[in-house]
Amino acid sequence: MSKSKKTTIDWLKEFASQHKWMYVGSVVCALVGVFCSIMPYIYIGNMTRQLLEGNRELMFYMHQCIEMAIFWAMRVLFHGISTTLSHKATFHVLGTIRKQVCEKLSRLPLGYILDTPSGSLKNTLVERIDSIETTLAHILPEFTSNLLIPLGMILYIALIDWRMALVALITLPLGFLCYMGMTIDYEASYKNTIEKTKKLNDTAVEYISGIEVIKAFGKAESSYERFVSAAKEGAECYIEWMRKANIFFCLAISIFPSTLIGILPIGGLLCRGGSLSAPDFILIMILSLGLVSPLITCMSYSDDFAKIGTIIGEVASILEQEELNRPQSSNMQPKDYTLELNNVSFAYHEKEVLHGINMMVKPGTINALVGPSGSGKSTIAKLIASLWDVSSGSITIGNVDIKALPLDDYTKKIAYVSQDNYLFDETIRENIRMGNPRATNQQVEEVARRSGCHEFIMGLEKGYETVVGGAGGHLSGGERQRIAIARAMLKDAPIVILDEATAYTDPENEALVQASVAKLVQGKTLIVIAHRLSTICDADQIFVVKDGQIEARGTQEELLDTCPLYKEMWQAHIAVKDHAETKEGGVGIA
């Protein structure tokens, strides 16, 4: 039997489970506040009755006013306590939601992250979740009180005269009818606003992230037009929706509060006929004036209910994604660090990109993956690093399937350095320390020296306390790579994966980076993806990958003799290298 999906209420209960007593306290205080807010109307009615009956005693009215003021002050006090409790609980709930989403993203396959625009994830995680704060904080106490105030008033009117209670409600059916008119095509209109807002966010993030390319290729005008178009669509979808609902809104907001339309003529007739006393008639008029406004406030939450449902739906769509298949704990321990890929296949977007891969990587050896672009080299590396799960087959470490190991335990054994190394908008020291959060400042600086970073770091204005900027934008490509290598060295994992770690390094720094890599992998298992074949000539084992399959494997000498593809790649590499050296030496230029 398939597991039924959680509703919005189910998710909210789960998020608020640790803080439910705050919400309970908020509702209780709101109810006390409701009672206190109704009492002044009763006091006003009583004073009116006494005045019409000839009571002229000043002290009586003074006491009544003081008691009424006390109830009103208590109403303000309990409302404040109620709102404080609900806000405090709500901020905890928003923190819980964000934490769960972030933790979930860390457990999801890399494919989901790549498929989802960063603007959409950022919008959901920051703005969208934050936008429900006001609703969650106010909906329980205020919706409760605004619903109970008119209910209490109508019951009190009914105790005075049941006929007038019915008359007081005479405008509600027509007002509700007009209000329902605003909900025509509500779902489609609301969905349209969500889609257009997401498009605007994605376009904005793309425009800002690509500003360098836009300027370099003179695409500022066309790119800006896309952003302007998305912004215009984002505004027009709301304007068009409001335009359609405006007539119904105006009618509803005018008809709802018009309770005196029925109260005055019918109450006047009943009073003239003697079945309704003048003091009661006046009290009913006073009470009816505050009868409908709270109901309108309640109905105004309908958009907020829809917003919460949509946003929680977006959050749920992330939290319900299928995670990497890993246990929370395991008693199984690998006997060594031998990596094996057994008949591994992998499909991306239902298209299989790896077909029956078989590999063995022995501990302490240097292993290279080479092949044409798009052959599947990086995909193999990411599967070994457990960024994705295999579609079929298995990957084992020390004869233990990596799916049988907790993700944290396995990733501690892997140091992964890619060609697109990401640095956080933190200091250089903290970016390196991410390899081992328990490392001391001395250990961080020692590993920076070993990776060739120390000199350029000390040349910066603030040294190790220099903030690198978003994605490390304040540093050069070579500097970012050396920081990433230092981070991987500090992790001190037994298996190192280098996904073309020197791809973006200029020739001046390439020797430094390669020297850093040599120190990083001493005594460890190395898996390297290389386009510059000269860097992996001495590898213990080279795997030639073509069209998602292992074409050949062996040492440099063996592959040159047995693998035409590798021989072709080597000759092309040597030709390019010789040409570059010739140009550098100034020879052969006409």
Side-chain H-bond candidate by donor/acceptor type, [X] with [Y], under 3.5 Å:
{"X": "Y566", "Y": "E551", "value": "no"}
{"X": "N441", "Y": "R433", "value": "yes"}
{"X": "Y23", "Y": "T90", "value": "yes"}
{"X": "Q541", "Y": "N367", "value": "yes"}

Kindly give the heavy-atom pair with the smallest separation between [X] and [Y], and that separation in Å.
{"X": "L354", "Y": "G376", "result": "CD2-O, 3.8 Å"}
{"X": "A439", "Y": "L490", "result": "CB-CD2, 3.8 Å"}
{"X": "I457", "Y": "A448", "result": "CD1-CB, 4.3 Å"}
{"X": "V390", "Y": "L383", "result": "N-CD2, 4.0 Å"}
{"X": "K377", "Y": "P372", "result": "NZ-O, 3.1 Å"}
{"X": "T365", "Y": "K362", "result": "OG1-O, 2.6 Å"}

After noting the C-alpha distance and the side-chain angles of Y464 and H454, does the key distance pass the ring-ring contact (aromatic ring centres under 6.0 Å, His included) rule?
CA-CA 9 Å; Y464 283 88; H454 183 73; 5.7 Å; yes
Is a side-chain donor or acceptor of [X] paired with a backbone partner of [Y] at a separation under 3.5 angstrom?
{"X": "T525", "Y": "I495", "answer": "no"}
{"X": "K104", "Y": "L319", "answer": "yes"}
{"X": "S345", "Y": "G356", "answer": "yes"}
{"X": "R480", "Y": "L423", "answer": "no"}
{"X": "E320", "Y": "S317", "answer": "no"}
{"X": "T411", "Y": "L407", "answer": "yes"}
{"X": "S391", "Y": "A347", "answer": "yes"}
{"X": "K491", "Y": "I414", "answer": "yes"}

Can you find a pair of side-chain heavy atoms, one from [X] and one from [Y], that are under 4.5 Å apart?
{"X": "L405", "Y": "V400", "answer": "yes"}
{"X": "E465", "Y": "I428", "answer": "no"}
{"X": "S26", "Y": "M22", "answer": "no"}
{"X": "M359", "Y": "L369", "answer": "yes"}
{"X": "N399", "Y": "K335", "answer": "yes"}
{"X": "M569", "Y": "V370", "answer": "yes"}
{"X": "D547", "Y": "S375", "answer": "no"}
{"X": "T427", "Y": "N431", "answer": "no"}

Please report the interatomic distance [atom1]([X]) to [atom2]([Y]), rounded to the nearest 0.5 Å.
{"X": "L526", "Y": "I497", "atom1": "CG", "atom2": "CD1", "result": "9.5 Å"}
{"X": "S392", "Y": "N342", "atom1": "OG", "atom2": "CG", "result": "11.5 Å"}
{"X": "Y416", "Y": "I384", "atom1": "OH", "atom2": "CD1", "result": "10.0 Å"}
{"X": "I402", "Y": "S394", "atom1": "CD1", "atom2": "OG", "result": "9.0 Å"}

Residue list, salt bridge (Lys or Arg N to Asp or Glu O under 4.0 Å) with E352, at least two apart or on another chain
none
Run the numbers on M360 and T338 for side chain to side chain contact (heavy atoms under 4.5 Å, CB included), then give the verdict.
CA-CA 7 Å; M360 176 182 285; T338 301; 4.1 Å; yes
Determine whether R553 and V544 satisfy the following criterion, side chain to side chain contact (heavy atoms under 4.5 Å, CB included), listing intermediate values before the conclusion.
CA-CA 6 Å; R553 72 194 73 201; V544 182; over 6 Å; no
Show your reasoning for whether side chain to side chain contact (heavy atoms under 4.5 Å, CB included) applies to I527 and L498.
CA-CA 6 Å; I527 300 170; L498 301 178; over 6 Å; no
Over 12 non-hydrogen atoms of neighbours within 6.0 angstrom of CD in E455:
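Counting other residues, nucleotides and ligands, CD of E455 stays at 12 neighbours or fewer.
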Any salt bridge linking E445 with R429? Criterion: basic side-chain nitrogen under 4.0 Å from a carboxylate oxygen.
yes
Please determine whether a side-chain nitrogen of the Lys or Arg among D561 and K567 lies less than 4.0 Å from a carboxylate oxygen of the Asp or Glu.
no
Can you check whether H92 and F15 have ring centres sitting under 6.0 Å from each other?
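No - the distance between ring centres of H92 and F15 does not fall below the 6.0 Å cut-off.
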Walk me through whether D492 and K524 qualify under salt bridge (Lys or Arg N to Asp or Glu O under 4.0 Å).
CA-CA 9 Å; D492 197 27; K524 303 181 185 301; 2.6 Å; yes
